[in-house]
Structure formats: structure tokens, C-alpha cells
**Student:** 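Below you will find the structure I want to go over with you.
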Amino acid sequence: MLITVWHNMVTGYRSGYRPEHPMLPVFSYSAPTGPAEDLLWRAVTLCNADPEMLSGHDRKLATDYRDKRQRSFSPGDGFSVTADGRQNFWVSDGQALLALSSGFTTLATDGAHGSVPIGERVAYCLPGWDDLTRIGRFEVGHQDAPTARDAVALFHGIDRADVLAQSLPW
């Protein structure tokens, strides 16, 4: 399983996620197979706890998150879980993790203080949906998404044949 942390890039808005809020992938790690909600609550802890309070692999992950200069996980932020060729999404409302029926509607490509992006910048089109060109950041090179085209298809839950994608320079 691949857990990805997404930051809500709307500044000053920490009461929850809204579809128009641009989301930015900032951190990911491999997790053992298990109930997604349990793994996500663990991820909340990893993103918020002082690494000194943790031990073993959790301490290493929390230290890595902080060393990448990421801010704490906050209401409005989210997660994706990638496993077995599917990607599922959750957001925090500050008290619960709420499952979304699809990927985030709006994607950010640039970071800000405390939100350092990961992944490749990708321009893409979904001709079966509309004639828009979109840009987002996607994790490329793992077993479920070896290419940018595969990563976009995974994110949107569609066949890779329905995606036109091009990686962009930083």
C-alpha cells in the first residue's frame, strides 16, 4: 500500500475540504496491508507527533516528514491510499476522516511554506470527458503507476487509454 499525504493549499481555511480547494501531494510512504482507516489514523499521528515521541519505523517516517519541512496535518488536508491498482481518497474535517467518491477535484502544482510538493508535474487531457488541459502532480514510478499516463489514469479511476499525459519540467 502506498499512503500519500495531501495538503489543502487554501491559506487560512482550516475547517475542512471543499472541492474547489487545490490539493497538493507532499509525502508518501509504503505501509503494510491493513484496514485503510487504521493506517490513515496512524498517518495523522506521523504527520503531527514530535518524532521523539515515537519509536521504530514510525519515528523514522515522522522524522522524514518533518525533515522535508512539511507542516502538521490539518483539517481540510487529505490522504490517498493506492493498492491493487486502485487509489482511494479521504479528507479530514478535524474530527473524522471522510471517504471521497473520487479523486480531488482541483490540484495544486506549487508548494508554499510548510507544503513542499512531491511527484512529477504532469499536463494531461481526458478526451472522453472534455477538451480541457489540466496540470497536477502525480507520483510516477511505482508498481501501480510506472508512467505519468498510468498515474493520471489511477488518480481518475479510468483506463490509461483514455488519458493523454506529458511530464513537465519543474
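Residue numbers count from 1 along this sequence.
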**Student:** Could you report the tightest heavy-atom contact between R66 and P51, atom names first, then the distance?
**Tutor:** CG-CG, 4.2 Å
**Student:** Within the structure provided, determine whether V5 and F73 are in side-chain contact (heavy-atom separation under 4.5 Å).
**Tutor:** yes
**Student:** I'd like to check the side chain to side chain contact (heavy atoms under 4.5 Å, CB included) partners of D38; sequence neighbours left out, ordered by chain and number.
**Tutor:** P35
**Student:** Got a donor-acceptor contact below 3.5 angstrom from the N8 side chain to the M23 backbone?
**Tutor:** no
**Student:** What closest approach, in Å, do G94 and P75 show between heavy atoms, and which atom pair accounts for it?
**Tutor:** CA-CG, 3.6 Å
**Student:** With E20, which residues qualify under side-chain hydrogen bond (donor to acceptor under 3.5 Å, both in side chains), at least two apart?
**Tutor:**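 Testing E20 for side-chain hydrogen bond (donor to acceptor under 3.5 Å, both in side chains), a comparison that skips the adjacent residues, returns R18.
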**Student:** Side chains of residues 54-61: which donor-acceptor partners sit under 3.5 Å, not counting sequence neighbours?
**Tutor:**
unit_1, atom_1, unit_2, atom_2, d
D58, OD1, R42, NE, 2.8
D58, OD1, R42, NH2, 2.4
R59, NH2, E52, OE1, 2.4
R59, NH2, E52, OE2, 3.3

**Student:** List in chain and number order the residues that pass side chain to side chain contact (heavy atoms under 4.5 Å, CB included) with S28, two or more places apart in sequence or in another chain; answer none if no residue qualifies.
**Tutor:** L2, T4, I118, E139
**Student:** Which residue pairs pass the side-chain hydrogen bond (donor to acceptor under 3.5 Å, both in side chains) test when at least one of the two sits in residues 120-135, sequence neighbours left out?
**Tutor:** E120-S167, Y124-H156, D130-R134
**Student:** Relative to the ring of F155, is the ring of W6 parallel (under 30°), tilted (30 to 60°) or perpendicular (over 60°)?
**Tutor:**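 Aromatic pair W6/F155 classed tilted.
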**Student:** Mind checking who shares a hydrophobic cluster with L154, ILVMFWY linked at side-chain heavy-atom distances under 4.5 Å?
**Tutor:**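 Members alongside L154: none; it stands by itself.
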**Student:** Using side chain to side chain contact (heavy atoms under 4.5 Å, CB included) as the criterion, list what pairs up with D150, not counting sequence neighbours.
**Tutor:** A145, P146, T147, R160
**Student:** What is the distance from atom CG of L46 to atom OG1 of T63, rounded to the nearest 0.5 Å?
**Tutor:** 10.0 Å
**Student:** Taking only residues two or more places apart in sequence, or in another chain, which ones meet S92 in a side-chain hydrogen bond (donor to acceptor under 3.5 Å, both in side chains)?
**Tutor:** none
**Student:** Examine L164 and I135 and state if one hydrophobic cluster contains both, with Ile, Leu, Val, Met, Phe, Trp and Tyr joined whenever side-chain heavy atoms are less than 4.5 Å apart.
**Tutor:** no
**Student:** What distance do I3 atom CD1 and S30 atom OG have between them, rounded to the nearest 0.5 Å?
**Tutor:** 9.0 Å
**Student:** Could you see if W41 belongs to whatever hydrophobic cluster contains F79? Use Ile, Leu, Val, Met, Phe, Trp, Tyr and a side-chain cutoff under 4.5 Å.
**Tutor:**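 Cluster IDs for W41 and F79 match.
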**Student:** Which atoms form the tightest heavy-atom contact between R71 and S115, and what is the distance?
**Tutor:** NE-OG, 3.6 Å
**Student:** Side-chain contact test, heavy atoms from C-beta onward, threshold under 4.5 Å: evaluate it for H7 versus S72 and give yes or no.
**Tutor:**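 Counting from C-beta outward, H7 and S72 never come under 4.5 Å.
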**Student:** For residues 96-111, dump all side-chain donor-acceptor pairs below 3.5 Å to protein atoms at least two apart in sequence or in another chain.
**Tutor:**
unit_1, atom_1, unit_2, atom_2, d
T106, OG1, P19, O, 3.1

**Student:** With a 4.5 Å heavy-atom cut-off, do L126 and I158 have their side chains touching?
**Tutor:** yes
**Student:** Please determine whether residues M1 and F27 belong to a single hydrophobic cluster, defined as Ile, Leu, Val, Met, Phe, Trp and Tyr linked transitively by side-chain heavy-atom distances below 4.5 Å.
**Tutor:**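 Yes, M1 and F27 fall within the same hydrophobic cluster.
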**Student:** Under the rule for side-chain hydrogen bond (donor to acceptor under 3.5 Å, both in side chains), what residues qualify as partners of R69, not counting sequence neighbours?
**Tutor:**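 Here no residue qualifies.
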**Student:** L39 and V26: same hydrophobic cluster, using ILVMFWY side-chain contacts below 4.5 Å?
**Tutor:** yes
**Student:** Mind listing the closest non-hydrogen atom pair of D144 and T82 along with its distance?
**Tutor:**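 Scanning both residues completely, I find the closest heavy atoms to be OD2-CG2, 3.5 Å.
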**Student:** Does D64 have any salt bridge (charged side-chain N to carboxylate O under 4.0 Å, His left out) partners at least two apart in sequence or in another chain, and if so, which?
**Tutor:**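 K68.
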**Student:** Residues in side-chain hydrogen bond (donor to acceptor under 3.5 Å, both in side chains) with D162, at least two apart?
**Tutor:** none
